[in-house]
Structure formats: structure tokens, C-alpha cells
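Start at 1 with the first residue, then count along the sequence. First listed ligand is number 1; within each ligand, the first listed atom is number 1.
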Amino acid sequence: MKMLIGGEWADSSSGEACEVRNPANGKLLDTVPLGSTEDVKRAIDSARGALGKWSSMTARERGKILFKGAQIVRERQMDLAITLTMEQGKPLKEARDEIQGFANILEYYTGVSAAIHDSLVPVAPGRYGAVMKRPIGICGAIIPWNVPAIIMGWKVGPALLTGNALVLKPATATPLTNLSLAAILCEAGLPAGTLNVVTGQGSTVGEEIVRNPAIRKISFTGSIDTGKHVMKVAAESMKRLTLELGGSDPMIVCDDADMKKAVEGAVSGRFYNCGQTCTAVKRLYVFESIADTYIKMLKASIEGLKVGNGMDEGVNMGPMNSAGQRDKIIRQVDTVREKGEGKIIVGGGVPPGERYVGGHFYMPTLVTDVSEDSVLLREEVFGPVLPVVVVKDLDEAISRANASKFGLGSSIWTKSLERASIASSRLESGITWVNQHVKLPPEMPFGGVKESGIGRENGFETLDAYYELKSVMINL
Ligand code: NAD
Ligand code: MN
């Protein structure tokens with residue numbers, strides 16, 4: 001595919017291209033232009049050209065275009081899901097859910113569009129102040145490879161509804177779904193230049209989006225290290241920032257939990273998307289009195305997972321997205337082995353067998369008796385490895401859960417309303433689930449505390465992050 005600048009398919013000024021490969025077998029799927037600094041500048045020019053018309057439409061008119069886009073996405077969901085599975089690796093069913101999730105987000109923002117309005121404040125007899133919501137202008141959106149369609153929705157939905165124009169950079173591994181979705185929005189009636197997609201590397205395309213003073217806001221999703229760098233560079237031109245960064249979500253299983261549901265929740269919460277989800281279950285704390293039984297059930301369930309190409313029927317877990325991501329997991333599990341930081345009771349390596357050759361597969365892995373200073377509890381584990389820690393009570397579970405620089409999500413599994421409310425108020429995270437994990441409906445604001453990020457996406461509240469408030473004083 002090509003990139004999308006000013007509503008047209010475009011090549012890079014560099015003339016170079018980069019490959020997109022299938023993580024399940026290493027086969028070449030397609031190429032996209034290797035974008036340059038020049039290409040970002042072209043995208044900014046076309047965004048600037050589109051801004052006047054787009055921002056002068058009403059939110060309701062813009063919402064209708066998003067809705068039309070969502071309809072086309074739903075009609076083509078199967079083709080889009082196949083593209084997503086082929087470039088990202090996740091099982092086809094997960095890919096289809098993700099494509100529908102993108103449409104859900106756009107429909108949500110269409111739904112709230114009629115509720116957006118400026119306000120008039122009487123300040124003295126005959127005097128009024130108008131509080132106007134003005135679009136920020138040209139915004140930059142930077143997307144990771146793990147959930148590229150949903151994350152694109154989180155950024156594009158609110159940014160476009162509020163009248164901003166966008167320059168979006170997909171991850172190098174997963175540009176095809178993002179490009180296809182952007183082309184659909186153009187087809188649905190977005191004015192040319194409102195949404196531009198520049199493919200290429202973080203160190204060139206990403207860097208220019210964050211540096212260029214014409215871009216007034218960045219919404220970035222990715223790792224904490226890159227997020228910190230983005231924040232520094234963006235400070236030079238005082239950009240507004242939304243940063244959705246890494247997580248290491250704790251899941252607490254109390255002695256009164258529904259064990260079967262808590263097993264299913266841990267397995268889907270950890271191994272969904274091959275463990276490569278920001279809000280995956282990354283640390284599991286279980287009460288001592290039920291630990292043996294619970295771990296036995298967990299082990300059996302994990303051993304039942306079928307690993308393979310996401311396009312194959314019955315596969316529960318696809319490959320990891322890249323060799324680099326798998327290398328990180330191999331290093332983390334090797335560290336556990338070498339330093340005796342835990343007992344690997346399921347998995348712990350690359351699956352053997354002909355069908356896995358050429359793909360970035362890793363076995364679903366369960367580690368128990370994890371020491372407090374283990375790499376699995378300190379670092380983000382972005383792959384299919386679940387560390388389990390036994391605790392004596394809720395107090396210990398919460399304090400261990402909070403002993404982390406991360407603060408994205410968390411969950412508690414209990415039938416006690418009291419325990420649920422204690423955990424919901426004390427766990428340091430942007431979201432706490434009770435008897436579930438991972439679900440992020442578009443109505444609910446989502447984001448991290450501590451080093452997991454700044455700002456929120458989803459929900460009505462997120463619209464505020466795409467406006468500048470302008471006060472106008474009127475003297476009649
Ligand atoms: P990453 O930080 O490596 O890359 C994210 C994006 O930033 C990519 O598009 C990349 O090309 C770009 N980038 C790299 N260097 C850049 C630079 N110097 N300037 C501008 N852009 C640059 O992250 P990743 O490996 O793609 O994604 C995985 C991480 O994302 C995990 O830590 C995960 O937890 C996190 N994540 C967070 C959320 C959330 O909502 N909080 C959601 C999904 C993923
Ligand atoms: Mn990365």
C-alpha cells in the first residue's frame with residue numbers, strides 16, 4: 001500500500017519502502033513507503049489546508065461522516081480482520097472484535113456529537129462571557145502495533161469530532177489496517193487532508209511529528225521510554241500531550257472468588273493477543289488458602305491453549321508480533337531461570353514443531369513462586385508469561401500491587417462488596433475491574449496513573465483534550 005496524504009495515495013519522497021511481514025510465518029505481505037521528514041511536512045501542509053473547512057462544520061455534521069465510516073467498516077469487517085491478523089498475528093476472532101471495536105468508538109462519538117456546545121455565562125447585568133470550544137488545530141497521533149485499530153479509534157474519533165486535522169503514524173509492523181481504515185474514512189466523506197497517514201520509522205516520521213511546531217497536540221500510545229522522549233521533544237513547542245504508556249496490571253484473586261471465572265479471566269486476560277496488551281493481566285496475586293487449587297486449575301487451562309497461525313480454526317493464541325518482542329520475553333524468562341526467581345510450571349520457551357518454524361511463537365507460560373524482586377514483577381512483560389504470587393490477605397495483595405511504577409489497570413476477584421470497594425479505592429491505577437479484566441467500552445475514560453501515562457482516552461471527558469477553551473467577553 002501507499003501512504004495517505006491530502007486524500008491521495010502517495011509515495012515517500014525518499015523513494016524507499018519498508019516490508020510488512022506475517023509474524024506467523026515470516027512471509028512478505030506488502031510494502032509501504034518509508035516516510036521521511038519531508039513527507040511529514042507535506043502531510044502537515046495538507047492538514048493545514050483542510051482545517052478551515054473541517055473546523056467550521058458543526059460537530060453533528062462531522063459526527064455523521066464518522067458514522068458513515070463506521071458503517072463501511074462494519075460492511076468490510078471480514079477483510080479488515082484478515083488484514084489485521086496477517087500483519088499483527090492475533091487470532092481472526094480477536095481481529096474481528098477489534099475491527100468492530102473501532103466502529104463502536106466512532107459510533108459512540110457520533111452519538112455524543114449533538115451534546116457538544118459552547119456556553120454563555122452572565123457575568124454582570126447586560127454583560128456576558130462566551131466559553132467557546134475551539135479545535136486545537138493539527139494534531140499528531142502515534143500508534144503501536146499491538147491493538148492498532150482500536151487505538152486509532154481512540155485518537156481519530158475524538159480528534160476529528162472536535163474539528164481537528166490529523167497526521168497519524170502507524171507502527172512499522174502494522175501499517176496496513178491503519179491505512180485501510182483511514183481510506184474508508186476518506187471514502188465516507190472526510191475532506192481531503194483532514195486525516196493523513198505517514199508510514200515509516202519512529203526515529204524519522206515519529207520524531208518530526210513530535211518536533212514540528214505546526215503540530216499543536218500529540219496523542220501517543222507506546223512504551224514508557226518512548227513516551228518520556230516524546231514528552232521532552234514536545235516540550236520545545238509546548239504541545240498538548242496525551243500519553244498512553246506501558247502497564248503491569250495486577251489481578252487479585254481473593255479466597256471468596258468464583259474460581260472458575262477467575263481462571264478464565266486470568267487466562268484470557270493474560271494470553272489474549274499473545275500477551276501483548278497494555279492492560280493484560282501481568283501480575284497475579286492469589287490468597288494463600290486457595291492458592292494450590294487455583295494454580296492447579298490455572299495450569300490445566302493454560303495447557304489447553306492451542307497455539308498457531310491466527311488464521312487457523314481453533315487457535316487461541318497466535319505468534320508474537322516480531323522477533324524483537326519475542327527476544328525480550330526469552331530474555332525475561334531466561335533471567336528467571338538463571339537467577340532462580342521463580343518456578344516455570346508451564347511453557348517457558350519456543351514451541352517445538354514444524355508448524356512453528358518461521359513464526360515468532362512462544363509457549364503460554366506459567367511461573368509460580370515468583371520472588372519479589374523478579375524481572376517479571378518489575379518490568380512490563382509484553383508476551384504470554386503469567387507470574388503468580390501467593391499473598392496472605394487483601395492488605396498484602398494491595399500493597400504489593402501498588403509497589404510498582406506502573407498504574408494502568410488492575411482487577412479484584414471477589415464476591416464481597418466491601419473488598420471490591422476497598423480495592424477500587426486503594427489500587428493505584430486508571431481503571432479497576434471487579435470480577436473481569438481488560439474490557440474497555442468507549443463510554444469509559446481510560447488511561448494511566450504514575451508512569452503509565454498522562455490524560456485519558458475514551459468517554460465524553462476525552463473531548464476536552466482536543467479543545468482549547470476560548471473565553472469571549474461581550475459588553476452589550
Ligand atoms: P514503542 O514505544 O516502541 O512504539 C510506539 C510508536 O512510537 C510506534 O509507532 C513507533 O514507531 C513510535 N516511535 C518510536 N520512536 C519514536 C520517536 N522517537 N518519536 C516518535 N515516535 C516514535 O511501543 P510499542 O512497542 O509499539 O508498543 C508497546 C507498548 O505500548 C507497551 O509498553 C504497551 O503497554 C504500550 N501500550 C499502551 C497502551 C495504553 O493505552 N496505555 C495501549 C497499547 C500499548
Ligand atoms: Mn517497541
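At a 3.5 angstrom cut-off on N or O pairs, Lys282 does not count as close to ligand 1. Not a single N or O atom of Phe220, backbone or side chain, sits closer than 3.5 Å to an N or O atom of ligand 1. At under 3.5 Å, a nitrogen or oxygen of Lys169, whether backbone or side chain, sits near a nitrogen or oxygen of ligand 1. At a 3.5 angstrom cut-off on N or O pairs, Glu207 counts as close to ligand 1. Remark: ligand 1 and Thr172 share no N or O pair separated by less than 3.5 Å (distance only, no angle test).
Within the 4.0 Å heavy-atom criterion, neither part of Ile224 lies near ligand 1. Contacts between Ile151 and ligand 1 below 4.0 angstrom, taking non-hydrogen atoms only, involve the side chain exclusively.
Comparing Gly222, Ala141, Ser203 by heavy-atom distance to atom 30 (O) of ligand 1, the nearest is Gly222. Looking at Thr221, Ile150, Thr242, Leu440 and measuring to atom 5 (C) of ligand 1, the nearest heavy atom belongs to Thr221.
Between Trp154 and Phe446, the ring-plane angle classifies as tilted under the 30° and 60° cut-offs.
Close to ligand 1: Ala171, with a non-hydrogen atom less than 4.0 angstrom away.
Near Ile143, the atoms of ligand 1 lying under 4.0 angstrom from a non-hydrogen atom of the residue are 6 (C), 8 (C), 9 (O).
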